Amino acid sequence: KLPMHIRDVAGMKLDAMLADMRMLCRIHGVKVIGVDYAQLVQISETMHSREREVAHISGSFKRFAKKNDATILLLSQTNALRRSRGHAGG
């Protein structure tokens, strides 16, 4: 049996989420963290484009994983409307 900690908090800001994850790693020895709906993570800085926001968020999680020797499963939904119009990616 492996311990599992679940945080189901809507509208959490990136800084608060990273602090919560840091506590879970240090106190409880968590090594694998799953983040669902990454597209809803809020950041405190204003970015000029959504692409820069996503790069900032994913980069923050990557740095966290390296610094805390953890694996992060970062899940996000894609824009179904773009796919239905025949655009690649998204």
Side-chain angles (χ1 to χ4, degrees):
K1 244 181 172 179
L2 295 174
M4 181 180 283
H5 302 272
I6 298 174
R7 300 284 193 266
D8 186 7
V9 180
M12 196 170 200
K13 292 198 183 266
L14 178 62
D15 294 338
M17 186 179 291
L18 293 173
D20 195 34
M21 291 167 41
R22 195 172 301 110
M23 183 266 309
L24 288 171
C25 289
R26 288 187 182 154
I27 295 175
H28 299 290
V30 171
K31 292 293 180 187
V32 178
I33 299 169
V35 178
D36 198 4
Y37 291 99
Q39 74 275 11
L40 300 179
V41 172
Q42 299 174 4
I43 59 173
S44 33
E45 302 90 32
T46 301
M47 301 280 170
H48 296 292
S49 70
R50 183 62 184 156
E51 289 79 12
R52 288 185 184 188
E53 288 179 2
V54 170
H56 176 76
I57 291 167
S58 61
S60 296
F61 282 118
K62 183 175 181 175
R63 285 187 297 279
F64 176 91
K66 285 185 174 193
K67 185 175 181 180
N68 292 279
D69 191 30
T71 299
I72 298 179
L73 305 171
L74 191 60
L75 307 173
S76 180
Q77 291 184 347
T78 59
N79 186 334
L81 182 60
R82 280 187 67 180
R83 279 187 279 136
S84 69
R85 291 183 179 166
H87 295 300

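These numbers were taken from a predicted model, which means no experiment stands behind them.
- Placement of L75 and L40 in two distinct hydrophobic clusters is found when ILVMFWY residues are connected by side-chain heavy-atom separations under 4.5 Å, directly or transitively.
- With sequence neighbours excluded, no residue satisfies salt bridge (Lys or Arg N to Asp or Glu O under 4.0 Å) with D8.
- Among residues at least two apart or in separate chains, side chain to side chain donor-acceptor pair (under 3.5 Å) pairs with a member in residues 31-42 are Q39-S76.
- Tracing side-chain contacts under 4.5 Å through hydrophobic residues (I, L, V, M, F, W, Y), one never reaches L74 starting from V54; they form parts of separate clusters.
- Under a hydrophobic clustering in which Ile, Leu, Val, Met, Phe, Trp and Tyr are joined whenever their side-chain heavy atoms come within less than 4.5 Å, directly or via other members, M12 and M47 fall into the same cluster.
- Looking at residues two or more places apart in sequence or on another chain, you find no salt bridge (Lys or Arg N to Asp or Glu O under 4.0 Å) involving R26.
- For the salt bridge (Lys or Arg N to Asp or Glu O under 4.0 Å) test, residues two or more places apart in sequence or in another chain that qualify with R7 are D20.
- Looking at residues two or more places apart in sequence or on another chain, you find a side chain to side chain contact (heavy atoms under 4.5 Å, CB included) between V32 and T71, L73.
- Of all the heavy atoms in I57 and V41, the pair that sits closest is CD1-O, 3.7 Å.
- Residue pairs meeting the side chain to side chain donor-acceptor pair (under 3.5 Å) criterion with at least one member in residues 56-68, sequence neighbours excluded: E45-H56, S60-R63.
- Between atom CG of residue L18 and atom CE of residue M23 there is a gap of 12.5 Å, rounded to the nearest 0.5 Å.
- In this view, S49 and E51, R52 satisfy the side chain to side chain contact (heavy atoms under 4.5 Å, CB included) rule, not counting sequence neighbours.
- For V30, the side chain to side chain contact (heavy atoms under 4.5 Å, CB included) test picks out H5, L24, H28, I33, with sequence neighbours left out.
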